[in-house]
Amino acid sequence: MYRLEPELFDLNYTLDCGQVFRWERDGDWWTGVVGENVVRLLQEKESGSLLVDSELSPEFFSHYFRLDDNLPSIYESINRDLLIDRAINRYRGLRLIRQDPWECLISYMLATASSIPTIQKRIFLLSRFFGQELEDGYFSFPNPETLANADLSLLDRCKLGFRAERIKTAAEEVCSGELDFDALFRLEYRYARERLMRLRGIGEKVADCVLLFAFEKMESFPVDTHIRQIIQHYHIDDSFFETCTNLSCMGEWGREYFGHYCGYAQEYLYYQKRIEGFVSLY
DNA sequence: AGCCAGGCGGTCA
DNA sequence: TGACCGCATGGC
């Protein structure tokens, strides 16, 4: 157990906002599986310091929680209107997380047309059946080889529905090296996106989530049902939307409107909408 | 019961 | 291209 003193960081918002699915809260403590490690974290209310119960190093968490991001500077760059301004101030300290590419890829393939509790349940079952037990009740995320070789009847027990075949195929591509994570890191956003979208089960939204949360593409702007509703409800920038109604166009708009760190803007808007619905700006 | 959830892929005009 | 539909599952 050790202590970290992160600046401008809110653990609760960061783990609760819906970007990760394997952290659970019990009182003030969060427990999660990161790689082969079971991790417990608590942030003290007054001091803001982080209590870490884990084998992983301080440097790891600094990297994992993107403490290297200059948040004030990012806030300044994305603060374009009253709605995002409110979200930034209300959920101050929410940071994006650097997720493991493989786990992130499969998780968001399993997230299509599902509520967050359902997604969490699928990943829990998948880990329980195909991962390795780390300590009592906690399992690692299954590796690509295991999922590539799993038979569909077993995958079915994880309640994946029509997503089962898709993740098996994706796992096979990762195993064979046909899908190369290192290459995705090096590719520019739009090319990495095109590459991911060649997989069955990955459209614009899933590709954007994976690129944002695992491949350092801050200029991703995932347009899910909440973001679509926000844009339609507030008529942000309505001169643009006279000619733009579909989801693809909304993504393009987000990148233009919020700039390079639009991924951060997206996450704040998404969380605010999930927690508070359509907020009043008066 | 019916609709929606961090959607995608196919079809049909 | 744009609108509609089926796809499994679960929560409300």
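Protein chains get the first letters and strands the later ones, always in sequence-line order, with residue 1 at the start of each. The shown structure was predicted, so the numbers you read here are calculated from the model rather than taken from an experiment. The analysis underlying the following values was restricted to heavy atoms, covering all of them including side chains, and did not include hydrogens, waters or symmetry mates.
Residues that satisfy the ring-ring contact (aromatic ring centres under 6.0 Å, His included) test with Y138(A), not counting sequence neighbours, are absent from this structure. Checked against side chain to side chain donor-acceptor pair (under 3.5 Å), S153(A) has the following partners two or more places apart in sequence or in another chain: D151(A). Partners of E188(A) according to the salt bridge (charged side-chain N to carboxylate O under 4.0 Å, His left out) rule, which considers only residues two or more places apart in sequence or in another chain, are R190(A). The ring-ring contact (aromatic ring centres under 6.0 Å, His included) test applied to F162(A) returns no partner, not counting sequence neighbours.
Under a cutoff of 6.0 Å and an axis angle of 45°, R80(A) and Y257(A) form a cation-pi pair.
A salt bridge links R40(A) to E135(A): at least one charged side-chain nitrogen sits closer than 4.0 Å to a carboxylate oxygen. Look at E44(A) and R3(A) and you find a salt bridge, because one of the NZ, NE, NH1 or NH2 atoms lies within 4.0 Å of a carboxylate O, short of that distance. Using a 4.0 Å cut-off between charged side-chain N and carboxylate O, R255(A) and E252(A) make a salt bridge.
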Which side-chain N or O atoms in residues 28-39 of chain A pair as donor and acceptor under 3.5 Å with protein atoms at least two apart or in another chain?
from: D28(A); atom 1: OD1; to: K45(A); atom 2: NZ; distance (Å): 3.4
from: W30(A); atom 1: NE1; to: N12(A); atom 2: OD1; distance (Å): 2.8
from: N37(A); atom 1: ND2; to: V34(A); atom 2: O; distance (Å): 3.3

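Checking side-chain atoms of N149(A) against main-chain N and O of E145(A) turns up a donor-acceptor pair under 3.5 Å. The closest donor-acceptor contact from the side chain of K217(A) to the backbone of D208(A) lies at 3.5 Å or more, if one exists at all.
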Nucleotide-resolved protein contact map, nucleotides 7-12 of chain C, B/S/- at heavy-atom distance under 4.0 Å: BBSS--
Would you list the protein and nucleotides 10-12 of chain B atom pairs, both N or O, that sit under 3.5 Å from each other?
from: dG10(B); atom 1: OP1; to: R200(A); atom 2: NH1; distance (Å): 3.0

Look for any protein N or O under 3.5 Å of an N or O in nucleotides 2-5 of chain C and output each such pair with its distance, or none.
from: dG2(C); atom 1: OP2; to: N246(A); atom 2: ND2; distance (Å): 3.1

Verdict with reasoning, R22(A) to S107(A), per side chain to side chain contact (heavy atoms under 4.5 Å, CB included): CA-CA 10 Å; R22(A) 299 199 75 197; S107(A) 296; over 6 Å; no
Step-by-step side-chain hydrogen bond (donor to acceptor under 3.5 Å, both in side chains) determination, D69(A) to Y261(A): CA-CA 11 Å; D69(A) 277 338; Y261(A) 286 100; 5.0 Å; no
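Taking a 4.0 Å limit (strictly below) on heavy-atom distances, residues 85-109 of chain A reaches DNA chain B at Y108(A). Of the residues in residues 211-222 of chain A, those lying under 4.0 Å from DNA chain B by heavy-atom distance are F213(A), P222(A). For residues 9-24 of chain A, proximity to DNA chain C is found at no residue, defined as any non-hydrogen atom under 4.0 angstrom from a strand atom.
Classified by interplanar angle (parallel below 30°, tilted 30° to 60°, perpendicular above 60°), the ring pair F61(A)/Y64(A) is perpendicular.
Regarding L196(A), its CG atom lies at a distance of 12 Å from the P atom of dC8(B), rounded to whole Å.
T112(A) has its side chain out of reach of K205(A): every pair of non-hydrogen atoms, C-beta onward, lies at least 4.5 Å apart.
With Y91(A) as the fixed residue, the ring pair (Phe, Tyr, Trp, His ring centres under 6.0 Å) test singles out one of Y271(A), F9(A), Y268(A): Y271(A).
Residue L110(A) is out of contact with every strand shown, counting any heavy-atom pair closer than 4.0 Å.
Hydrophobic side-chain contacts under 4.5 Å tie Y282(A) to no other Ile, Leu, Val, Met, Phe, Trp or Tyr residue.
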